[in-house]
Amino acid sequence: MRASRRTTRRSPTWLHGDLHPANVREGTLSGVIDFGELCAGDPATDLSAAWILLPAGTASRFSGTYEDADEATIARARGWAVLRALHLISIGRNGRLGLPGGKPTWEPAGQAALERALVVN
């Protein structure tokens with residue numbers, strides 16, 4: 001278990017804002033030079049990628065290397081990961097059903113991300 005870090009109020013951080021499985025090709029993160037979702041805000045949104053993109057069991061190691069990842073930020077990141085995983089599942093389901101905008105490969109990616117986000121380390 002990690003030692004508690006003091007929570008401090010910080011200014012918004014630049015965010016990618018849209019890290020998801022479409023940014024991964026053959027197991028390698030790619031395609032993140034994308035300014036469509038560039039914004040400033042809570043770093044927890046980008047830190048949610050730890051559960052969305054990384055293998056099971058690596059989220060705590062990932063957030064442990066992020067300088068400003070206190071317990072509250074990590075909890076928010078996990079919440080964002082759950083929300084984003086459910087969105088991936090929905091887009092994937094639409095693809096499986098042949099509905100517009102659906103991407104069938106996103107359903108299994110969303111299911112896996114949801115499972116990773118719900119495991120308490």
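Any value given below was found using the heavy atoms of this structure, including those in side chains, with hydrogens, waters and symmetry copies removed.
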(Q) By the definition side chain to side chain donor-acceptor pair (under 3.5 Å), identify the one residue from Arg76, Arg84, Arg78 that meets it with Ser48. (A) Arg84

Closest non-hydrogen atom pair, [X] against [Y]:
X: Ser63; Y: Ala69; value: O-CB, 3.4 Å
X: Trp51; Y: Ala117; value: CD1-CA, 3.5 Å
X: Thr73; Y: Pro43; value: CG2-CG, 4.4 Å

Q. Quick check: does any side chain N or O of Asp42 sit under 3.5 Å from a backbone N or O of Thr45, one acting as donor and the other as acceptor?
A.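 Not a single qualifying donor-acceptor pair exists.
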
Q. Atom CG in Asp46, atom CH2 in Trp80: separation rounded to 0.5 Å?
A. 10.5 Å

Q.
Check Glu107 with Arg96, please: is the shortest side-chain N to carboxylate O separation under 4.0 Å?
A.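 Judged by the 4.0 Å cut-off on N to carboxylate O distance, Arg96 and Glu107 do form a salt bridge.
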
Q: Please assess Phe62 against Leu47 for the test side chain to side chain contact (heavy atoms under 4.5 Å, CB included), listing each intermediate value before the final yes or no.
A: CA-CA 9 Å; Phe62 174 80; Leu47 289 175; 3.7 Å; yes

Q: Please test Ile52 against Leu88 for side chain to side chain contact (heavy atoms under 4.5 Å, CB included), starting from the C-alpha separation and ending with a verdict.
A: CA-CA 10 Å; Ile52 300 296; Leu88 292 170; 4.1 Å; yes

(Q) Connecting only ILVMFWY residues whose side-chain heavy atoms lie within less than 4.5 Å of each other, what is the rest of Leu118's hydrophobic cluster? (A)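 Direct or chained contacts put Leu118 with Val82, Leu86, Ile89, Leu114.
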
